[in-house]
Colleague: 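Quick one: the structure is below, questions incoming.
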Amino acid sequence: MKWLHFSLLLSLLGAGCTTMQPTAIPANEPYVVVVKDVLMDPAMPPITHFAHHTWFDLKEGAENRWVSIEILGEDTGVVREPILPETARSNVRWTKLVTVLALVQGDAAKAMIGQIEKQAAAYPRAKNYEAWPGPNSNTFARSVAEGTPGLHFEFDHNAVGKDYTPWLRLAPTTTGTGLQLDTLPLGLELGLREGVEIHFLQLTLGLSVFPPALKIPFLPRLGFAPGTD
């Protein structure tokens with residue numbers, strides 16, 4: 001029986017749900033908000049090669065009106081630029097697979113787009129970028145999400161900078177299902193979606209229950225992938 005339990009545990013840790021990718025974004029919706037995740041560009045500093053990058057793609061009324069909003073590095077500030085539909089729907093960026101963390105459509109997306117644009121334009125650390133420990137692209141994505149009602153998603157646990165704060169921060173989690181308390185060196189996060197996470201120097205160690213998964217720094221998520229909102 002012990003061996004059976006052990007085998008089931010290994011199967012769980014090695015399993016994974018199919019995550020949504022950009023090719024599955026509906027084509028018949030005029031307004032769409034997509035939160036995306038991908039492994040960092042290999043050209044970035046070595047410390048970030050295991051880290052993930054989070055950004056927003058917005059469809060503003062027609063298929064030829066896609067824009068992306070993100071921070072790419074210390075010299076870019078907030079980048080807002082038009083992108084081709086095939087770019088918005090591509091499953092690959094920087095030779096890595098792209099994952100959709102959240103997808104909002106229709107009237108909800110239409111109402112949300114203006115708020116995302118407003119939050120991005122007002123982001124106070126646009127010219128203050130540090131790949132590690134932050135603030136960086138993930139700090140920016142968190143800030144925009146926190147200022148946009150109804151926009152909820154779970155960051156990849158290796159999205160370095162998602163929990164960055166220069167001093168002390170107590171806030172709801174980005175899924176809206178829990179709370180997190182963070183300082184620059186240490187933090188704790190509790191949520192129905194996130195489970196339990198310990199943050200140390202922007203590295204995340206955690207255990208998720210819904211769905212089950214183990215989150216270890218530098219390694220991909222072990223277990224079931226989080227659902228797409």
Side-chain angles (χ1 to χ4, degrees), residues 17-44 48 51-127 129 135-156 159 161-162 174-176 225-229:
C17 291
T18 301
T19 56
M20 184 177 179
Q21 292 186 305
T23 48
I25 297 170
N28 59 349
E29 285 287 353
Y31 294 94
V32 180
V33 171
V34 192
V35 184
K36 294 181 177 179
D37 166 90
V38 73
L39 273 170
M40 292 290 287
D41 185 347
M44 293 293 286
T48 67
H52 283 236
H53 168 68
T54 312
W55 79 101
F56 306 94
D57 283 352
L58 313 176
K59 182 180 177 183
E60 302 179 309
E63 185 66 8
N64 64 349
R65 294 189 61 195
W66 280 95
V67 299
S68 67
I69 298 179
E70 62 190 330
I71 288 181
L72 289 167
E74 59 184 353
D75 299 320
T76 71
V78 177
V79 177
R80 182 196 184 279
E81 62 180 3
I83 56 174
L84 296 172
E86 49 264 40
T87 300
R89 299 181 184 281
S90 174
N91 289 344
V92 177
R93 186 179 189 186
W94 301 324
T95 73
K96 307 296 184 181
L97 287 177
V98 175
T99 298
V100 173
L101 301 180
L103 173 67
V104 184
Q105 309 172 54
D107 291 340
K110 185 177 181 180
M112 199 174 281
I113 286 172
Q115 188 65 18
I116 291 173
E117 298 264 20
K118 179 180 177 181
Q119 292 297 315
Y123 179 62
R125 297 183 175 127
K127 295 296 185 179
Y129 179 96
N136 58 24
S137 62
N138 297 313
T139 318
F140 165 72
R142 186 198 72 206
S143 176
V144 171
E146 288 179 338
T148 305
L151 182 56
H152 298 298
F153 60 90
E154 183 178 354
F155 279 98
D156 187 277
K162 65 183 176 66
T174 52
T175 67
T228 301
D229 286 332

Colleague: Apply side-chain contact (heavy atoms from CB on, under 4.5 Å) to the pair Ile71 and Val79, showing each step before the final yes or no.
Modeller: CA-CA 6 Å; Ile71 288 181; Val79 177; over 6 Å; no

Colleague: Any donor and acceptor pair, going by atom type alone, linking the side chain of Gln115 with main-chain N or O of Gly147 inside 3.5 Å?
Modeller: yes

Colleague: Quick one: NZ on Lys36 to CZ on Phe56, what's the gap to the nearest 0.5 Å?
Modeller: 12.5 Å

Colleague: Going by heavy atoms in the side chains, are Leu58 and Val32 under 4.5 Å from each other?
Modeller: no

Colleague: Between atom OG1 of Thr19 and atom CG of Leu101, what is the distance when rounded to the nearest 0.5 Å?
Modeller: 9.0 Å

Colleague: Please check this pair: side chain of Thr148 against backbone of Val144, looking for a donor-acceptor N/O pair closer than 3.5 Å.
Modeller: yes

Colleague: Taking the side chain as every heavy atom from C-beta outward, state whether His53 and Leu39 have any atom pair closer than 4.5 Å.
Modeller: no

Colleague: Output, in order, the C-alpha distance, side-chain angles, deciding distance and verdict of side chain to side chain donor-acceptor pair (under 3.5 Å) for Asp37 and Thr99.
Modeller: CA-CA 5 Å; Asp37 166 90; Thr99 298; 4.6 Å; no

Colleague: With rounding to the nearest 0.5 Å, note down the distance linking OH in Tyr129 to OG1 in Thr139.
Modeller: 8.5 Å

Colleague: Please evaluate residues Val100 and Val98 with respect to the criterion side-chain contact (heavy atoms from CB on, under 4.5 Å), reporting the C-alpha separation (whole Å), side-chain torsions for both, the decisive distance (0.1 Å), and the verdict.
Modeller: CA-CA 7 Å; Val100 173; Val98 175; 5.6 Å; no

Colleague: Which residue pairs satisfy the salt bridge (Lys or Arg N to Asp or Glu O under 4.0 Å) criterion with at least one member in residues 61-76, sequence neighbours excluded?
Modeller: Lys59-Glu63, Glu63-Arg89, Glu70-Arg93

Colleague: Between His152 and Thr175, does any side-chain donor sit less than 3.5 Å from a side-chain acceptor?
Modeller: no

Colleague: Can you pull the side-chain hydrogen bond (donor to acceptor under 3.5 Å, both in side chains) pairs that have at least one residue in residues 76-87, sequence neighbours excluded?
Modeller: Glu60-Arg80, Arg80-Glu117

Colleague: To the nearest 0.5 Å, what is the distance between OG1 (Thr228) and CE (Met20)?
Modeller: 6.5 Å

Colleague: Nearest 0.5 Å, please: how far is CG in Leu72 from CG in Asn136?
Modeller: 11.5 Å

Colleague: Do Asp41 side-chain atoms and Trp94 backbone N/O form a donor-acceptor pair below 3.5 Å?
Modeller: no

Colleague: Do Leu151 and Glu146 have side-chain heavy atoms sitting under 4.5 Å apart?
Modeller: no

Colleague: Is it true that a side-chain atom of Thr174 and a backbone atom of Phe153 form a donor plus acceptor pair closer than 3.5 Å?
Modeller: yes

Colleague: Can you see which heavy atom on Ala120 is nearest to which on Ile69, and at what distance?
Modeller: CB-CG2, 3.7 Å

Colleague: Decide side-chain contact (heavy atoms from CB on, under 4.5 Å) for Val33 and Leu103; before the verdict, give the C-alpha distance in whole Å, the side-chain angles of both, and the deciding distance to 0.1 Å.
Modeller: CA-CA 6 Å; Val33 171; Leu103 173 67; over 6 Å; no

Colleague: Decide side-chain contact (heavy atoms from CB on, under 4.5 Å) for Val92 and Leu97; before the verdict, give the C-alpha distance in whole Å, the side-chain angles of both, and the deciding distance to 0.1 Å.
Modeller: CA-CA 5 Å; Val92 177; Leu97 287 177; 4.3 Å; yes

Colleague: Hey, what do you get for CG (Asp57) to CH2 (Trp66), rounding to the nearest 0.5 Å?
Modeller: 6.5 Å

Colleague: Can you name the side chain to side chain contact (heavy atoms under 4.5 Å, CB included) partners of Tyr31, sequence neighbours left out?
Modeller: Ala109, Lys110, Ile113

